[in-house]
Amino acid sequence: MDKLDIFNYFPDLTPRQKEQFGALDALYHEWNAKINVISRKDIDNLYLHHVLHSLAIAKVVSFRPGTTILDIGTGGGFPGIPLAIMFPECRFRLIDSIGKKVRVATEVAHAIGLDNTEAFHRRGEEEKDKFDFVVSRAVMPMPDLVKIVRKNISKSQHNALPNGLIVLKGGTLEDELRPYAKIVERTDISSFFSDEWFQGKQVIYLPITPNK
């Protein structure tokens, strides 16, 4: 898969967005050679395994301008950087507990001119600010993640979708999602991306009531 496949799935991208997405491959290859944050297999499938996977969230929710999003456990910038390209009028904060990964995310965002993005070397437990949504790629079981991020969910609502947690996950999820069975929403990524790599992978949305 290359960037053109992404353009086909998202036909309304601006020339600026296409330029930014197109620059990611060379940038991540360059930084991965210096600081290994993505496996060799994955770096050769960057657009499929990382960029398009991240953008599955954009198929589930279209963030309104002014929305604030926290990407917890961002690694080298996923899903935060692709989403920040897709939603330039929203604000993104990317955090990770591993400093070298944060550096890669920071440098890539700077290189493509993402002025709606900031990245910090920080654990989720240390993040104190409030956001409309928290996004993540399978960093831990949902109950553990919910405990950490509940404090970060804003009471102020800006979107049709209530504030909460949006996670990219795969595999058997019944046990960890059982506590939220009445409110959780699960969307198969293969319902909008055709590549077989997405079989069994889902976007999990969980509305969260903020702490008082």
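Along the sequence shown, the residues carry numbers beginning at 1.
- One N or O on the side chain of Gln20 and one on the backbone of Ile112 form a donor-acceptor pair closer than 3.5 Å.
- Under the 4.5 Å side-chain criterion, counting only non-hydrogen atoms from C-beta, Pro88 is in contact with Gln17.
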Please step through ring pair (Phe, Tyr, Trp, His ring centres under 6.0 Å) for the pair Tyr28 and Phe78, ending with a clear verdict.
CA-CA 12 Å; Tyr28 274 106; Phe78 301 99; 5.0 Å; yes

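- A donor-acceptor pair under 3.5 Å is absent between the side-chain atoms of Glu107 and the main chain of Val104, judged by distance alone.
- The local environment of NZ in Lys34 is crowded, with over 12 non-hydrogen atoms from other residues, nucleotides or ligands closer than 6.0 Å.
- Using a 4.5 Å heavy-atom cutoff, the side chains of Lys201 and Leu168 are not in contact.
- Rounding to the nearest 0.5 Å places OG of Ser194 at 8.0 Å from CG of Asp5.
- By the 4.5 Å heavy-atom criterion applied to side chains, Tyr180 and Pro143 are counted as neighbours.
- In this structure, Lys130 contributes its side chain and Lys151 its backbone to a donor-acceptor pair below 3.5 Å.
- Counting only distance, with no hydrogens or angles, the side chain of Tyr47 and the backbone of Phe21 share a donor-acceptor pair below 3.5 Å.
- Using a 4.5 Å heavy-atom threshold, the side chains of Val60 and Ile166 count as separate.
- Between atom CD1 of residue Ile57 and atom CD1 of residue Ile204 there is a gap of 11.0 Å, rounded to the nearest 0.5 Å.
- For the atom pair Asp25 CG and Glu30 CD, the distance stands at 11.5 Å (nearest 0.5 Å).
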Run the salt bridge (charged side-chain N to carboxylate O under 4.0 Å, His left out) test on Arg186 and Glu174 for me, step by step, so that the C-alpha distance in whole Å, both residues' side-chain angles and the decisive distance to 0.1 Å come before the verdict.
CA-CA 11 Å; Arg186 305 167 60 168; Glu174 277 65 31; 3.3 Å; yes

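- Looking at Phe193 and Tyr9, their side chains come closer than 4.5 Å, going by heavy atoms from C-beta outward.
- The closest side-chain heavy-atom distance from Leu55 to Ile6 is below 4.5 Å.
- A donor-acceptor pair is defined here as one N or O able to donate and one able to accept, closer than 3.5 Å; such a pair exists between the side chain of Asn163 and the backbone of Ser156.
- For residues 108-145, the set of pairs meeting the ring-ring contact (aromatic ring centres under 6.0 Å, His included) definition, not counting sequence neighbours, comprises Phe63-Phe133.
- For residues 49-69, the side-chain hydrogen bond (donor to acceptor under 3.5 Å, both in side chains) pairs, not counting sequence neighbours, are Asp42-His49, His49-Trp197, His50-Arg137, His53-Arg137, Thr67-Asn159, Thr68-Asp132.
- Atom OG1 of Thr14 and atom NZ of Lys18 lie 8.5 Å apart (nearest 0.5 Å).
- In this view, Asp115 satisfies the salt bridge (Lys or Arg N to Asp or Glu O under 4.0 Å) rule with no residue, not counting sequence neighbours.
- Using a 4.5 Å heavy-atom cutoff, the side chains of Asn32 and Val37 are in contact.
- Taking the side-chain hydrogen bond (donor to acceptor under 3.5 Å, both in side chains) definition, one finds that Glu176 meets it with Lys169, sequence neighbours left out.
- Distance OG/Ser136 to CD1/Ile95: 9.0 Å, rounded to 0.5 Å.
- Partners of Asn36 by side-chain hydrogen bond (donor to acceptor under 3.5 Å, both in side chains), not counting sequence neighbours: none found.
- With Asp71 contributing its side chain and Leu94 its backbone, the two residues share no donor-acceptor pair below 3.5 Å.
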Please walk me through it: do Arg93 and Asp129 pass salt bridge (charged side-chain N to carboxylate O under 4.0 Å, His left out)?
CA-CA 10 Å; Arg93 179 175 296 174; Asp129 287 341; 2.7 Å; yes

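- With sequence neighbours left out, the side-chain hydrogen bond (donor to acceptor under 3.5 Å, both in side chains) criterion links Glu125 to Arg123.
- Atom CD of Gln157 has more than 12 heavy atoms from other residues, nucleotides or ligands within 6.0 Å.
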Any chance you could lay out the side chain to side chain donor-acceptor pair (under 3.5 Å) test for Asp188 and Gln202, step after step, and finish with the verdict?
CA-CA 5 Å; Asp188 291 327; Gln202 297 182 327; 3.0 Å; yes

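- At a threshold of 4.5 Å between non-hydrogen side-chain atoms, the residues Leu161 and Tyr205 count as touching.
- Tested against Arg91 for a side-chain contact (heavy atoms from CB on, under 4.5 Å), the candidates Ile69, Thr117, Asn116 yield a single pass: Asn116.
- Follow the hydrophobic side-chain contacts under 4.5 Å out from Ile72 and you never reach Ile98; the two are in separate clusters.
- Neither Val102 nor Leu24 shares a network with the other; the hydrophobic side chains, linked directly or stepwise wherever heavy atoms of I, L, V, M, F, W or Y lie under 4.5 Å apart, form separate groups for each.
- No donor-acceptor distance shorter than 3.5 angstrom exists from the side chain of Asp96 to the backbone of Ala105, with no hydrogens or angles considered.
- Interatomic distance, Leu206 CG to Glu185 CD, rounded to the nearest 0.5 Å: 9.5 Å.
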